[in-house]
Amino acid sequence: MPQFIGTSMTRGFAGDLTRGYYDNTTEVKVNDATAPVSAFGVPVKINSAGTGVTPVTAAADAVYGFSVRLVGQVYSNPAGQYVQSQQPVTVMRRGYMAVALESGTAALGGKVYLNATGKISADSSSNTEIPNCIFMGAADADGLVEIAFNI
């Protein structure tokens, strides 16, 4: 986490790419119309039809990547910043991203887990490990933590 004059900066928002834009791999996918991706920084999987992506909803789901928050993709919504269902979704397949930590205590090099509802956890008990995904440090005051994901 960057620091200046004794103050730690926040990580930004869930779904933000946290390192240089040249150091990641992203793909643009169709947002599933039946069960659309509606938030940034969430794990996504290929939908059952194989035509787009949908949010991970269970620990047993295979993570394809994470939904990316890009400038121009944010819409005014009283409940938060969400992807519109008819819009394409940018998916990070390799790189560094800020995500919301649902439970557990993240630490540098720690394994990233999916809980039963498809949320990010640092707790290994009854959760499923996301292959090739590690924490890059502790969560900030907003509950965001940086992850490294590699295809």
Side-chain angles (χ1 to χ4, degrees), residues 1-29 31-32 35-46 53-84 87-151:
M1 177 183 316
Q3 292 186 344
F4 62 100
I5 313 174
T7 304
S8 296
M9 295 177 62
T10 63
R11 288 194 171 74
F13 300 96
D16 281 346
L17 297 172
T18 55
R19 308 241 175 151
Y21 284 96
Y22 56 85
D23 194 21
N24 62 61
T25 303
T26 60
E27 300 173 357
V28 177
K29 297 292 182 190
N31 201 356
D32 185 78
V37 176
S38 61
F40 300 116
V42 298
V44 299
K45 63 181 179 177
I46 300 294
V53 293
T54 188
V56 169
T57 55
D61 291 342
V63 174
Y64 184 74
F66 292 83
S67 61
V68 176
R69 179 181 182 269
L70 296 174
V71 175
Q73 196 178 24
V74 178
Y75 302 94
S76 177
N77 184 321
Q81 298 171 346
Y82 294 94
V83 178
Q84 288 184 339
Q87 296 294 321
V89 177
T90 302
V91 178
M92 181 188 77
R93 300 276 286 138
R94 178 189 63 83
Y96 301 89
M97 174 183 282
V99 298
L101 182 64
E102 180 75 12
S103 62
T105 304
L108 177 61
K111 295 178 182 180
V112 179
Y113 297 93
L114 280 175
N115 67 16
T117 60
K119 307 266 194 227
I120 301 297
S121 175
D123 182 12
S124 63
S125 62
S126 72
N127 293 322
T128 304
E129 181 183 346
I130 300 175
N132 304 316
C133 191
I134 61 169
F135 290 113
M136 297 305 295
D140 66 10
D142 296 326
L144 294 178
V145 63
E146 184 182 34
I147 60 163
F149 182 68
N150 194 6
I151 37 181

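Residues in residues 102-129 take part in these salt bridge (Lys or Arg N to Asp or Glu O under 4.0 Å) pairs, two or more places apart or across chains: Lys111-Glu129.
Note: Asp61 CG to Ile46 CD1 = 12.0 Å, rounded to the nearest 0.5 Å. Expressed to the nearest 0.5 Å, how far CG of Leu114 lies from OG of Ser121 amounts to 9.0 Å. Taking CD1 from Ile120 and OH from Tyr113, the interatomic distance works out to 12.5 Å, rounded to the nearest 0.5 Å.
Between the Thr26 side chain and the Thr90 main chain, no donor and acceptor come within less than 3.5 Å of each other. A donor-acceptor pair under 3.5 Å links the side-chain atoms of Ser67 to the main chain of Val42, judged by distance alone.
When all heavy atoms of Phe40 and Val68 are compared, the pair lying nearest together is CD2-O, 3.4 Å. Here the closest heavy-atom approach between residue Pro55 and residue Ala35 is recorded as CD-O, 3.3 Å. Closest approach of Met97 and Leu17 over heavy atoms only: CE-CD2, 4.2 Å. Residue Val63 comes nearest to Phe66 through the heavy atom pair CG1-CE1, 4.2 Å, listed as atom of the first residue, atom of the second, then distance. For Leu101 against Ala122, the heavy-atom pair with the smallest separation is CD1-N, 3.8 Å. In terms of heavy-atom proximity, Phe135 sits nearest to Ala107 at CB-O, 3.3 Å.
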Go through it in stages, so that I can follow the logic: the residues are Asn24 and Tyr96, the test is side-chain contact (heavy atoms from CB on, under 4.5 Å), and I'd like the CA-CA distance, side-chain angles, deciding distance and then a yes or no.
CA-CA 7 Å; Asn24 62 61; Tyr96 301 89; over 6 Å; no

With a cut-off of 3.5 Å and sequence neighbours excluded, list every side-chain donor-acceptor pair involving residues 143-151.
| from | atom 1 | to | atom 2 | distance (Å) |
| --- | --- | --- | --- | --- |
| Glu146 | OE1 | Arg19 | NH2 | 3.1 |
| Glu146 | OE2 | Thr18 | OG1 | 2.5 |
| Glu146 | OE2 | Arg19 | NE | 3.0 |

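Screening Thr54, Val53, Val44 for a side-chain contact (heavy atoms from CB on, under 4.5 Å) with Lys29, the sole residue that qualifies is Val53.
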